[in-house]
Amino acid sequence: DVAQPDRLDVAVTIRNDGNVHIAPEGAVVVRDAQGWIAATVPLHRGWGLLPNEEDLYHAIGHGIHLTPGRYTLEVTVLCGGDLRHPITVTQSVDAVFTETGTLDLLKPLLPRRQ
């Protein structure tokens, strides 16, 4: 979703299916059709999630100039966990950046169970 020109706002819903409080962090990497990195946008940390909670987290980047076309979004979320066994989840989804300035997913990200 693009809220204004040259500002990319990717919203990601994160659910804590574990049994401990987590403070998700991470990034969204935007790759062009050739696989080159067009932008890397950090995921804004929220208040964290208690077990069985979910919330919307945003990756907001300013000064991003995407041209219309196909892109791949690589969403990486670090959930902390035991420091000896940190949990990292990465998913990719194809998207199209349109002439009207929206980034439309070609298919939704599916929840992945660990």
Side-chain angles (χ1 to χ4, degrees):
D1 179 44
V2 175
Q4 62 191 42
D6 304 331
R7 179 178 183 264
L8 181 67
D9 182 351
V10 179
V12 179
T13 300
I14 300 174
R15 178 168 176 75
N16 180 1
D17 286 331
N19 61 2
V20 297
H21 178 265
I22 62 170
E25 57 184 280
V28 175
V29 175
V30 180
R31 292 185 181 273
D32 66 16
Q34 290 75 40
W36 294 96
I37 294 176
T40 300
V41 185
L43 194 67
H44 290 251
R45 291 186 71 167
W47 292 100
L49 297 171
L50 294 172
N52 298 311
E53 279 189 333
E54 76 177 32
D55 203 354
L56 197 62
Y57 288 74
H58 289 267
I60 299 173
H62 298 279
I64 295 176
H65 307 284
L66 298 179
T67 57
R70 282 186 76 131
Y71 292 87
T72 300
L73 303 180
E74 296 173 356
V75 180
T76 300
V77 178
L78 304 137
C79 296
D82 183 333
L83 293 178
R84 295 168 298 188
H85 301 73
I87 298 168
T88 302
V89 178
T90 300
Q91 290 188 339
S92 296
V93 64
D94 292 324
V96 173
F97 188 70
T98 67
E99 296 280 345
T100 61
T102 62
L103 189 61
D104 299 328
L105 300 183
L106 297 179
K107 63 176 184 157
L109 282 173
L110 300 175
R112 185 189 324 185
R113 303 282 181 203
Q114 301 247 7

Begin from the C-alpha positions of Thr98 and Asp104 and carry the test side-chain contact (heavy atoms from CB on, under 4.5 Å) through to its verdict. CA-CA 8 Å; Thr98 67; Asp104 299 328; 3.4 Å; yes

Heavy-atom side-chain contact between Leu56 and His58 under 4.5 Å: yes

Could you tell me if the side chain of Ile14 sits less than 4.5 Å from the side chain of Val77, heavy atoms only? yes

Kindly indicate, with the supporting measurements, whether the criterion side-chain contact (heavy atoms from CB on, under 4.5 Å) is fulfilled by Val10 and Val41. CA-CA 9 Å; Val10 179; Val41 185; over 6 Å; no

Can you name the nearest heavy-atom pair linking [X] to [Y], along with the distance?
{"X": "Pro51", "Y": "Val20", "result": "CG-N, 3.7 Å"}
{"X": "Asp32", "Y": "Tyr71", "result": "CA-CD2, 3.7 Å"}
{"X": "Leu49", "Y": "Asn16", "result": "O-ND2, 3.0 Å"}
{"X": "Pro24", "Y": "Gly48", "result": "CD-CA, 4.3 Å"}
{"X": "Val28", "Y": "Ala59", "result": "CG2-CB, 3.7 Å"}
{"X": "Tyr57", "Y": "His44", "result": "CD2-O, 3.3 Å"}

Heavy-atom donor-acceptor pair, Arg31 side chain to Leu73 backbone, under 3.5 Å: no

Would you kindly confirm whether [X] and [Y] end up in one hydrophobic cluster when ILVMFWY residues are joined by side chain heavy atoms under 4.5 Å apart?
{"X": "Val89", "Y": "Val29", "result": "no"}
{"X": "Ile64", "Y": "Phe97", "result": "yes"}
{"X": "Ile22", "Y": "Leu50", "result": "no"}

Enclosure of Asn52 CG (heavy-atom neighbours >12, cutoff 6.0 Å): yes

Check step by step if side-chain contact (heavy atoms from CB on, under 4.5 Å) holds for Ile60 and His62. CA-CA 7 Å; Ile60 299 173; His62 298 279; 3.8 Å; yes

Dump the intermediate steps for side-chain contact (heavy atoms from CB on, under 4.5 Å) on Glu25 and Leu43, then the final yes or no. CA-CA 6 Å; Glu25 57 184 280; Leu43 194 67; 5.8 Å; no

Say you draw a straight line from CD of Glu99 to OG1 of Thr67; how long is it, rounded to the nearest 0.5 Å? 9.5 Å

